[in-house]
Protein chains: 2
Amino acid sequence: MDRGPLPTLLGYAIRRSQIAIFQDFMRSMGETGIRPAQYSILTVIARNPGLKQAEVSDSLGIERARLVLVLNELEARGLARRVLSTTDRRSHALFLTPEGERLLAELDRRVAEHEARLIAKLGQPGRRQLLDLLSRLQDD
Amino acid sequence: MDRGPLPTLLGYAIRRSQIAIFQDFMRSMGETGIRPAQYSILTVIARNPGLKQAEVSDSLGIERARLVLVLNELEARGLARRVLSTTDRRSHALFLTPEGERLLAELDRRVAEHEARLIAKLGQPGRRQLLDLLSRLQDD
DNA sequence: CAAGATTGTTGTCGTCAACAACTATGTACT
DNA sequence: AGTACATAGTTGTTGACGACAACAATCTTG
């Protein structure tokens, strides 16, 4: 089967790798049902408590409008909460609940296993190289 | 802003790179409005005329059900056509129309420019290395 | 011929990016 | 003070996509 130039196109290779990684990620998260975007949001809130939604959006490259929905879910699951900011009444300060903190610790363990599986396919040097190359492709 | 482990997670880095590449791809395709999946389908049909839909699905990792819709579009735009197979009356043999061939030639030029922009960020050796590393992550 | 597999199709569900529009609030300027 | 503009969050829409289930028509195999 002749795929022509496809296998040497970076976009094509990245898309296929991304799908494979996503599937392994979801398997790793198992019954938690946490998706990549949710995990990244929990992480950044945990490390920067009190963040505004717009700051999370910027930081992770997630649309403000999209973030609203994900935060609704996280709040409904009792993992994060929005607190009205006293200094700027337009904005919400974001925090994890104790349960959010506990779950995130568990997620970190699962993500570490997931990452270890990927590193096993690349080797440590390969992994570092891959991260470096990918960073050059991003918008910055 | 502390992103914790996110910047060193391969899935996270790949996702962000993929978004950046996708946007450049779409800009490159301009008024043709051809998306990556459509381009890959046109390519594989052009190189393997008479292919069945299931073969295209397998080859590109696109769901059979998804391919039906994309092919409907490509047929509606007069770029590809389904011909009833005489040997297996369940299946369709796929071909590009002359206009599909013509457009694909144009698309190939645009994709080459797109790819050149990416290579400029990586260098030729970096590009080869990246393709090699990515291939190790795929399901095979 | 009967049982099972394959092909294309339809439909549903959930995730996601991109945009537009809107309210409430804050900021800057005159 | 008042006007204009910017920002934060929200709602809603659109379109692309992956995953899955079900189905009819058709092949294949025993």
Side-chain angles (χ1 to χ4, degrees), chain A residues 11-12 14-27 29 33-41 50-76 80-94 139, chain B residues 11-12 14-27 29 33-41 45 50-76 80-94 138-139:
Chain A
Y12 182 78
I14 284 192
R15 171 177 160 269
R16 306 223 33 172
S17 306
Q18 212 236 324
I19 292 172
I21 290 179
F22 177 79
Q23 286 170 342
D24 186 275
F25 184 94
M26 288 310 289
R27 266 197 307 278
M29 293 320 220
I34 293 289
R35 286 155 297 151
Q38 294 176 315
Y39 173 70
S40 68
I41 291 167
L51 231 44
K52 297 192 292 184
Q53 293 184 196
E55 291 170 330
V56 174
S57 294
D58 274 15
S59 157
L60 297 178
I62 298 174
E63 282 252 334
R64 285 205 319 286
R66 175 94 199 106
L67 183 61
V68 172
L69 303 178
V70 183
L71 276 178
N72 288 347
E73 292 173 17
L74 295 178
E75 241 183 349
R81 59 206 172 91
R82 293 183 245 227
V83 177
L84 288 161
S85 165
T86 54
T87 64
D88 182 342
R89 302 213 322 275
R90 292 171 302 180
S91 68
H92 296 155
L94 302 176
D139 283 331
Chain B
Y12 182 78
I14 284 191
R15 171 178 160 271
R16 306 227 26 178
S17 307
Q18 211 236 323
I19 292 171
I21 291 178
F22 177 78
Q23 286 169 343
D24 187 274
F25 184 93
M26 287 311 289
R27 265 197 306 279
M29 293 319 219
I34 294 289
R35 286 156 308 177
Q38 293 176 316
Y39 172 70
S40 69
I41 292 166
I45 295 176
L51 229 44
K52 298 191 291 184
Q53 295 184 195
E55 291 170 330
V56 174
S57 294
D58 273 16
S59 158
L60 298 178
I62 298 174
E63 283 252 333
R64 283 204 323 284
R66 175 93 201 106
L67 183 62
V68 172
L69 303 179
V70 183
L71 275 178
N72 288 347
E73 292 172 18
L74 295 178
E75 242 183 349
R81 58 204 172 91
R82 293 183 245 226
V83 178
L84 288 160
S85 164
T86 52
T87 65
D88 181 344
R89 303 213 322 275
R90 293 170 302 180
S91 67
H92 296 154
L94 302 176
Q138 280 156 235
D139 283 332

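Just so it is clear: chains get the letters A, B, ... in the order the sequence lines come, proteins before strands, and each one is counted from 1.
In this entry the distance linking CD of A:Gln53 with C1' of C:dA24 reads 14 Å, nearest Å. In this structure, B:Arg27 places its CZ atom 11 Å from P of C:dA18, rounding to the nearest Å. In this entry the distance linking CD1 of A:Ile19 with C1' of C:dT15 reads 13 Å, nearest Å. In this entry the distance linking CZ of B:Phe25 with P of C:dA17 reads 19 Å, nearest Å. A:Leu84 places its CG atom 15 Å from the C1' atom of C:dG26, with the value rounded to the nearest Å.
For B:Arg35, the side-chain contact (heavy atoms from CB on, under 4.5 Å) test picks out B:Met26, B:Gln38, B:Glu73, with sequence neighbours left out. Taking A:Gln18 as the reference, B:Ile14, B:Arg15, B:Gln18 meet the side-chain contact (heavy atoms from CB on, under 4.5 Å) condition, with sequence neighbours excluded.
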Distances for protein N or O near nucleotides 1-6 of chain C N or O, under 3.5 Å:
from, atom 1, to, atom 2, distance (Å)
C:dT6, O2, B:Arg90, NH1, 2.7

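OP1 or OP2 of C:dT15 has not a single side-chain nitrogen or oxygen of A:Gln38 nearer than 4.0 Å.
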Inset, instruction - Would you sort out whether B:Ile62 and B:Val70 count as a side chain to side chain contact (heavy atoms under 4.5 Å, CB included), showing the intermediate values? - result: CA-CA 10 Å; B:Ile62 298 174; B:Val70 183; 5.8 Å; no
Inset, instruction - May I have the step-by-step check of side chain to side chain contact (heavy atoms under 4.5 Å, CB included) for B:Arg90 and B:Lys52, ending in yes or no? - result: CA-CA 10 Å; B:Arg90 293 170 302 180; B:Lys52 298 191 291 184; 5.8 Å; no
Legend entry - side chain to side chain contact (heavy atoms under 4.5 Å, CB included) assessment of B:Tyr12 paired with A:Leu60: CA-CA 10 Å; B:Tyr12 182 78; A:Leu60 297 178; 3.6 Å; yes
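Annotation: proximity of residues 56-76 of chain A to DNA chain C (heavy atom, distance under 4.0 Å) is found for A:Glu63, A:Ala65, A:Arg66, numbered in ascending order.
Among residues at least two apart or in separate chains, there is no salt bridge (Lys or Arg N to Asp or Glu O under 4.0 Å) pair with a member in residues 53-65 of chain B.
Sequence order on DNA chain C of the closest nucleotides to B:Arg15 and A:Asp88 puts B:Arg15 first from the 5' end.
Atom CG of A:Leu74 and atom CG of A:Leu94 lie 10.0 Å apart (nearest 0.5 Å).
First and last contacts of DNA chain D with chain B, using any nucleotide atom under 4.0 Å from a protein heavy atom and ordered 5' to 3', fall at D:dA16 to D:dC27.
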